[in-house]
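The block underneath contains the structure these notes are about, expressed in structure tokens.
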There are 2 protein chains.
Amino acid sequence: MSDLLARLRARRWRLTAQRRVVAQVLDGDHVHFTAEEIHARAAALLPEISRATVYNTLGELVAIGEVLEVSTDGRAKRYDPNAHHAHQHLVCDSCGTIRDVHPSVDPLVGLPTAERYGFTVSRVAVTYRGLCPDCAAGSAGAASALTDAEA
Amino acid sequence: MSDLLARLRARRWRLTAQRRVVAQVLDGDHVHFTAEEIHARAAALLPEISRATVYNTLGELVAIGEVLEVSTDGRAKRYDPNAHHAHQHLVCDSCGTIRDVHPSVDPLVGLPTAERYGFTVSRVAVTYRGLCPDCAAGSAGAASALTDAEA
DNA sequence: CTGTTGACTTAGACAGTGTCTAAGGTAGGG
DNA sequence: CCCTACCTTAGACACTGTCTAAGTCAACAG
């Protein structure tokens with residue numbers, strides 16, 4: 001689905017080599033990289049690309065809605081190229097891996113007006129947390145170490 | 001509900017002046033402060049308290065489940081003393097304010113096993129995003145500026 | 001094809017958030 | 001009242017992200 005570049009052209013973006021490699025990295029494996037990971041992969045294709053350019057480009061892609069920003073822990077944000085399908089995230093508490101999940105039922109379930117406290121609610125994020133298969137295998141009985149909660 | 005100190009005593013915590021003021025700040029208004037805000041308020045009560053101690057204490061409170069850590073944007077984490085009632089969060093995209101909401105229906109709705117990709121799911125976080133009443137009043141028509149999405 | 005121009009990129013300084021270390025202080029049990 | 005293990009401190013450090021000034025170049029006009 002490398003029509004990301006086509007969409008960018010349609011938006012009259014100046015198509016520089018730097019923007020092309022960033023788009024290419026995002027179009028690749030459908031994972032959720034951090035900005036630094038994207039920079040590293042982009043630099044493998046175009047060694048002189050700078051951090052600032054990667055941050056700028058990601059910020060613009062997020063602003064126009066082609067990429068989603070995901071902040072799961074307090075660490076680095078991750079970038080999700082799957083912006084055109086509503087979905088939720090499954091996050092590993094141990095390694096931070098993120099997987100997209102496409103629920104059959106939309107749990108958006110309107111928040112009752114009485115519970116909105118005057119807020120204008122525009123969207124809802126649902127994040128499932130736990131351990132990915134690899135980490136669950138590694139920590140085995142340590143599953144009880146999962147004493148931290150968040151919802 | 002200042003039995004937080006009682007619970008800490010029961011856990012055989014050394015009750016130092018520093019830990020007491022941190023607990024006191026958390027027990028106060030039921031808001032969601034950042035670590036720096038907590039440090040500032042604690043320092044108003046005990047001027048020589050250090051940042052490291054506030055971070056240490058918050059980390060320990062989170063580890064034992066007396067306080068929840070909430071990372072909504074990529075900025076500073078916020079600390080939620082309301083750890084003993086399952087709840088969700090309403091977050092303002094403009095000012096970052098967080099409100100607890102206690103939904104009548106639990107949208108946890110089990111994630112279908114087929115959608116778990118082998119993850120061991122231990123909990124789910126639901127975050128409603130939008131504008132708080134104050135920010136909605138301020139930006140008025142700019143509501144359409146909310147082009148970013150996250151779920 | 002070539003020139004022009006404004007948008008883009010760069011390196012590096014800077015800022016916010018959080019972690020770590022070594023040294024000194026103190027709560028709480030004896 | 002003393003000890004000692006645990007706690008606190010100041011400050012250095014690391015990570016993530018933002019900003020600036022100067023140089024570069026994609027795209028368009030001619």
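Throughout, a chain's letter reflects where its sequence line sits, starting with A, and its residues are numbered from 1.
Partners of B/His32 according to the side chain to side chain donor-acceptor pair (under 3.5 Å) rule, which considers only residues two or more places apart in sequence or in another chain, are B/Asp80, B/Asp100. Partners of A/Arg41 by salt bridge (charged side-chain N to carboxylate O under 4.0 Å, His left out), not counting sequence neighbours: none found. By the salt bridge (charged side-chain N to carboxylate O under 4.0 Å, His left out) test, B/Arg51 pairs with B/Glu36, sequence neighbours left out.
Interatomic distance, B/Phe119 CZ to A/Leu90 CG, rounded to the nearest 0.5 Å: 4.5 Å. Rounding to the nearest 0.5 Å places CD of A/Glu48 at 4.0 Å from CG of A/Leu46. Within the model, atoms CZ of A/Arg9 and CG of A/Leu4 stand 10.0 Å from one another, a figure rounded to the nearest 0.5 Å. Rounding to the nearest 0.5 Å gives a distance of 11.0 Å between CD of A/Gln18 and CG of A/Asn56.
The stretch residues 38-50 of chain B has no heavy atom under 4.0 angstrom from DNA chain C at all.
The backbone N or O of A/Asp93 sits nowhere less than 3.5 Å from a side-chain atom of A/Arg129 that would complete a donor-acceptor pair. When atom types are taken as modelled, the side chain of A/His39 and the backbone of A/Ile49 share a donor-acceptor pair closer than 3.5 angstrom. Checking side-chain atoms of A/Arg20 against main-chain N and O of A/Leu15 turns up a donor-acceptor pair under 3.5 Å.
Rounded to whole Å, the distance from CZ on A/Arg12 to C1' on D/dA26 is 13 Å. The distance from atom CZ of A/Arg9 to atom C1' of D/dC28 is 16 Å, rounded to the nearest whole Å. Between the C1' atom of C/dC8 and the CG atom of A/Leu8 lies a distance of 15 Å, rounded to the nearest Å. Put simply, CG on B/Leu61 is 12 Å from P on D/dC7, counting in whole angstrom units. Distance, A/Arg11 CZ to D/dA26 P: 22 Å, rounded to whole Å. Rounded to an integer number of Å, the gap from CZ of A/Arg20 to C1' of D/dA27 is 12 Å. In this structure, B/Glu60 places its CD atom 11 Å from C1' of D/dT8, rounding to the nearest Å. A/Leu15 places its CG atom 15 Å from the C1' atom of D/dC28, with the value rounded to the nearest Å.
Two different hydrophobic clusters hold A/Val25 and A/Tyr55 under the rule that ILVMFWY side chains link at heavy-atom gaps under 4.5 Å.
When each of B/Trp13 and B/Arg75 is assigned the nucleotide of DNA chain C with its nearest heavy atom, B/Arg75 is the one assigned upstream, toward the 5' end.
Put simply, A/Tyr55 has a side-chain N or O that comes within less than 4.0 Å of OP1 or OP2 on D/dG17. Of the side-chain N and O atoms in A/Gln18, none sit less than 4.0 angstrom from OP1 or OP2 of D/dC25.
Between the side chain of A/Arg51 and the base of D/dG17, at least one donor-acceptor pair of N or O atoms lies under 3.5 Å.
For A/Lys77, whose side chain is taken as the heavy atoms from C-beta onward, the closest listed nucleotide among D/dG17, D/dT8, D/dA27 is D/dG17. Proximity note for A/Ala52 (side chain, C-beta onward) versus D/dA27, D/dC19, C/dG18: the nearest is D/dC19. Closest to the side chain of A/Thr53, out of D/dG17, D/dT8, C/dT10, is C/dT10.
The terminal axes of the helix from C/dC1-D/dG30 to C/dG30-D/dC1, fitted over 5 pairs per end, subtend an angle of 30° to the nearest 10°.
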Dump the pairs, protein N or O against N or O of nucleotides 3-7 of chain C, anything under 3.5 Å, distances to one decimal.
from	atom 1	to	atom 2	distance (Å)
C/dG6	N2	A/Arg14	NH1	2.8
C/dG6	N2	A/Arg14	NH2	3.3
C/dA7	N3	A/Arg14	NH1	3.1

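Within 4.0 Å of A/Thr16, counting heavy atoms only, lie sugar-phosphate atoms of the nucleic acid but no base atom.
Between A/His102 and A/His85, the ring planes are perpendicular. Angles over 60° get that label, and only those under 30° would be called parallel.
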